[in-house]
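Okay, so here's the structure we're looking at.
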Amino acid sequence: MSDKRTDYISWDEYFMAVARLAGMRSKDPNSQVGSCIVSPDNKILSIGYNGFPRGCSDEEFPWSREDEDPLRTKYVYVTHSELNAILNYRGGSLEGSKLYVSLFPCNECAKAIIQAGIKTVIYAENKYEGTPAVTASQMMFAAAGVEVRKYQATDRVLEIKV
Ligand SMILES: Nc1nc(=O)n([C@H]2C[C@H](O)[C@@H](COP(=O)(O)O)O2)cc1CO
Ligand SMILES: [Zn+2]
């Protein structure tokens with residue numbers, strides 16, 4: 001009998017890689033964000049990335065960050081990866097699940113995460129740390145008992161030929 005492989009990827013690597021892969025679908029020229037929601041027994045329940053709502057064309061709606069007219073910026077239209085992952089789940093309850101996300105959730109997504117019953121958030125980056133959106137999220141997660149931990153990146157580089 002041969003021994004099992006030992007260099008297989010961990011659960012954390014697997015789910016964060018799936019989140020990052022989803023983020024590669026994003027049309028946002030600045031931030032590509034991906035989310036992967038996982039059950040307590042490590043089954044993938046849902047996936048999402050940041051993008052405009054269905055029917056809102058990537059060619060017609062703006063991807064700009066700044067404009068004197070807010071209606072000509074992406075911010076008023078884009079659905080965040082975390083909310084998309086929550087909304088993409090049509091199977092029932094997300095109670096007790098874990099969310100892997102490549103970027104720390106904003107306050108609006110934090111509300112949805114808490115109300116959906118997600119109990120653990122594992123994030124990779126926090127490039128907007130210190131902004132009111134991130135601070136409000138941290139306050140709400142702490143109050144609601146959502147466990148938040150930073151993904152511990154390994155030095156593994158995954159290569160997938162497609
Ligand atoms: N946690 C997040 N999940 C997300 O999906 N997003 C999305 C919204 C925008 O499409 C983009 C942020 O754009 P920018 O401000 O870095 O150019 O990432 C943003 C955050 C940050 O709170
Ligand atoms: Zn958000």
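All ligand and atom numbering here is 1-based and tracks the order in the structure.
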**Complete:** Note: Tyr89 and Leu45 closest approach over all heavy atoms is CD1-O, 3.3 Å
**Request:** Heavy-atom contacts with Cys106 under 4.0 Å: which atoms of ligand 1 show up? List them by number with element.
**Result:** 1 (N), 22 (O)
**Request:** Report the nearest protein non-hydrogen atom to atom 20 (C) of ligand 1: residue, atom name, distance rounded to 0.1 Å.
**Result:** Leu103 CD2, 3.6 Å
**Prompt:** Taking 4.0 angstrom as the limit, do Glu13 and Arg156 come out as a salt bridge?
**Reply:** yes
**Prompt:** Regarding Asp41 and Ser39, is there a side-chain donor-to-acceptor distance under 3.5 Å anywhere?
**Reply:** yes
**Request:** Considering only non-hydrogen protein atoms, determine which one is nearest to atom 5 (O) of ligand 1 and report residue, atom name and distance to 0.1 Å.
**Result:** Ser81 N, 2.9 Å
**Request:** Do me a favour and list the nearest non-hydrogen protein atom to atom 9 (C) of ligand 1 with residue, atom name and distance?
**Result:** Asp28 OD2, 3.3 Å
**Message:** Walk me through whether Glu95 and Lys119 qualify under salt bridge (Lys or Arg N to Asp or Glu O under 4.0 Å).
**Reply:** CA-CA 7 Å; Glu95 203 68 47; Lys119 285 290 176 288; 3.5 Å; yes
**Message:** Give me the residue, atom name and distance of the protein heavy atom closest to atom 18 (O) of ligand 1.
**Reply:** Asn50 ND2, 3.3 Å
**Prompt:** Would you say the side chain of Arg149 lies within less than 4.5 Å of the side chain of Tyr123, judging by non-hydrogen atoms?
**Reply:** no
**Message:** At less than 4.0 angstrom from any non-hydrogen atom of Val78, what atoms of ligand 1 do you find?
**Reply:** 8 (C), 9 (C), 10 (O)
**Message:** In the structure I gave you, are the side-chain heavy atoms of Leu99 and Ser35 within less than 4.5 Å of one another anywhere?
**Reply:** yes
**Request:** Could you check which of Lys127, Glu125, His80 puts a non-hydrogen atom nearest to atom 4 (C) of ligand 1?
**Result:** His80
**Prompt:** Hey, is Glu60 close enough to Arg72 for a salt bridge, meaning N to O under 4.0 Å?
**Reply:** no
**Item:** N-O pairing of Asp12 and Lys98 below 4.0 Å
**Value:** no
**Request:** Please say whether Lys74 places an N or O atom under 3.5 Å from an N or O atom belonging to ligand 1.
**Result:** yes
**Prompt:** What is the nearest protein non-hydrogen atom to atom 2 (C) of ligand 1, stated with its residue, atom name and distance?
**Reply:** Glu82 OE2, 3.5 Å
**Complete:** Which of Ser31, Ser26, Ser81 passes side-chain hydrogen bond (donor to acceptor under 3.5 Å, both in side chains) with Asn50? Answer is Ser26
**Prompt:** At a 4.0 Å cut-off, with the gap strictly under it, does some heavy atom of Tyr75 reach an atom of ligand 1?
**Reply:** yes
**Asked** Any N or O of Ser31 that comes nearer than 3.5 Å to an N or O of ligand 1?
**Response** yes
**Request:** Would you give the angle at the Zn ion (ligand 2) between Cys109 atom SG and His80 atom ND1, to the nearest 10°?
**Result:** 120°
**Prompt:** Taking all atoms of both residues into account, what is the closest heavy-atom pair of Gly48 and Asn88, and its distance?
**Reply:** CA-ND2, 4.1 Å
**Message:** Only heavy atoms of Asn30, strictly under 4.0 Å: list the atoms of ligand 1 that pass.
**Reply:** 14 (P), 16 (O), 17 (O)
**Item:** Any Pro105 heavy atom less than 4.0 Å to ligand 1
**Value:** yes
**Request:** With heavy atoms of Tyr128 as the reference, note each atom of ligand 1 found under 4.0 Å away.
**Result:** 14 (P), 15 (O), 16 (O)
**Asked** Below 3.5 angstrom, do we get any N/O pair linking Phe104 and ligand 1?
**Response** yes
